[in-house]
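All remarks here apply to the structure that follows.
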Amino acid sequence: MPLPTLPDSAVALGAEAGDWRAAVRLAGRALNRSGATTASYADRMIQVIEEFGAYVVIAPGLALAHARPGPDVRHDGIAVVTLATPVAFGHPHNDPVRVVLGLAVSSAEEHVASVAFLANVFNDPSAIDRLADAGSADEVRAVLGVDAEVRA
Amino acid sequence: MRIIAVCGAGIGTSAILKVNAERALARLGLEADVTASDLAGVASASADAQIVLTSTELAAAVRAALGRTFCEIVEVRNYFDVEEIAAHLERSLG
């Protein structure tokens with residue numbers, strides 16, 4: 001998979017979420033809006049955290065919400081949700097979460113390359129703050145180094 | 001040498017851990033094969049591995065899945081902190 005795109009529909013900035021489930025659901029809604037997944041994918045992302053715990057909070061303030069490939073994934077995609085009020089996911093070190101990245105992949109084998117770009121972005125420790133403080137989808141795309149749509 | 005990066009679903013987080021573990025190894029000048037795995041597959045994936053990298057949150061489940069093992073289970077807090085991962089690996093391999 002090439003670098004994922006991030007259309008405006010997959011971005012929600014300064015959103016309100018009462019708890020971690022609501023925060024993950026916002027990421028699911030954004031993936032659904034962009035066409036990457038159907039609505040049920042949000043439930044599966046929540047199930048992953050219910051089953052395995054808050055390990056998806058992979059860095060201070062950042063949750064990578066995701067589930068396995070499935071019929072509810074239409075195509076690979078990412079979504080970005082920033083929270084107006086940080087939310088606790090129950091992680092011992094990395095709470096509270098300010099940014100939820102939603103990730104949907106259609107094939108487990110092919111996703112490593114697309115995820116590698118996230119490693120590049122977040123190896124810079126300031127990236128999470130810059131995302132949390134982004135005021136527009138354009139600013140989010142600039143931090144992640146992605147486009148709104150596939151370049152011609 | 002083999003290192004396994006584990007997460008619950010076997011996608012996403014374990015792939016990030018794999019990429020950054022490879023960066024940490026390069027920084028240390030060490031060579032190892034790093035494989036991503038989900039929790040269900042970790043026992044067979046780690047049969048010939050020296051180190052299993054995972055999140056603090058998953059460490060107990062990984063220990064339970066592996067049972068008696070020669071693998072060292074290393075808990076990573078920040079998956080994007082190559083320095084943290086390098087420090088763990090240097091301690092385990094040094």
Side-chain angles (χ1 to χ4, degrees), chain A residues 1 4 27 41 44-70 73 76 78 89-95 99 101-128, chain B residues 3-28 33-45 52-66 73-88:
Chain A
M1 156 179 168
Y41 187 73
R44 292 209 299 121
M45 291 196 292
I46 288 170
Q47 280 165 19
V48 166
I49 300 173
E50 285 173 342
E51 184 174 359
F52 299 110
Y55 81 95
V56 299
V57 188
I58 54 177
L62 177 74
L64 181 67
H66 64 290
R68 290 186 174 86
V73 178
D76 293 354
I78 55 169
F89 274 55
H91 192 283
H93 309 297
N94 295 338
D95 268 345
V99 179
L101 268 176
L103 175 72
V105 300
S106 52
S107 152
E109 288 71 34
E110 289 168 17
H111 84 285
V112 173
S114 68
V115 172
F117 100 92
L118 289 175
N120 288 335
V121 172
F122 291 105
N123 282 155
D124 176 352
S126 74
I128 296 170
Chain B
I3 296 172
I4 310 295
V6 185
C7 77
I11 72 138
T13 47
S14 58
I16 286 171
L17 195 51
K18 169 184 154 70
V19 168
N20 283 328
E22 285 166 347
R23 283 178 189 166
L25 288 165
R27 195 173 286 188
L28 295 169
D33 173 35
V34 187
T35 308
S37 170
D38 64 0
L39 202 49
V42 66
S44 61
V52 175
L53 290 174
T54 191
S55 153
T56 311
E57 281 285 284
L58 285 178
V62 169
R63 276 195 191 90
L66 291 184
I73 296 165
V74 173
E75 301 175 19
V76 178
R77 286 190 186 193
N78 181 341
Y79 278 35
F80 293 110
D81 188 343
V82 176
E83 269 177 42
E84 181 196 339
I85 298 171
H88 288 309

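This one's a predicted model, so the numbers in the text were calculated from it and none came from an experiment. Below, chain A is the first sequence line, B the second, and so on; all start at residue 1.
Neither the backbone nor the side chain of A:Pro125 comes within contact range of chain B, judged by heavy atoms closer than 4.5 Å. In this structure, the portions of A:Asn120 lying under 4.5 Å from any heavy atom of chain B include both its backbone and its side chain. Both the backbone and the side chain of A:Asn123 come within less than 4.5 Å of a heavy atom of chain B. Neither the backbone nor the side chain of A:Ala127 comes within contact range of chain B; no heavy atom of the residue lies under 4.5 Å from a heavy atom of that chain. In this structure, no portion of B:Leu17 lies under 4.5 Å from any heavy atom of chain A. Residue A:Leu62 touches chain B through its side chain alone, counting heavy-atom pairs closer than 4.5 Å.
B:Phe80 is linked by a ring pair (Phe, Tyr, Trp, His ring centres under 6.0 Å) to A:Phe122, counting only residues two or more places apart in sequence or in another chain.
In this structure, B:Glu75 contributes its side chain and B:Ala59 its backbone to no donor-acceptor pair below 3.5 Å. In this structure, the side chain of A:His66 engages the main chain of A:Leu64 through a donor-acceptor pair within 3.5 Å.
Under a cut-off of 6.0 angstrom, the local environment of CZ in A:Arg44 is crowded, with over 12 non-hydrogen atoms contributed by other residues, nucleotides or ligands.
For the set B:Ile16, B:Leu58, B:Val82, the entry with the most heavy-atom pairs within less than 4.5 Å of chain A is B:Leu58.
The structure places CD1 of A:Ile128 at 6.5 Å from CG of B:Asn78, a figure rounded to the nearest 0.5 Å.
Across every non-hydrogen atom of B:Asp38 and B:Gly41, the tightest pair is OD1-N, 2.9 Å.
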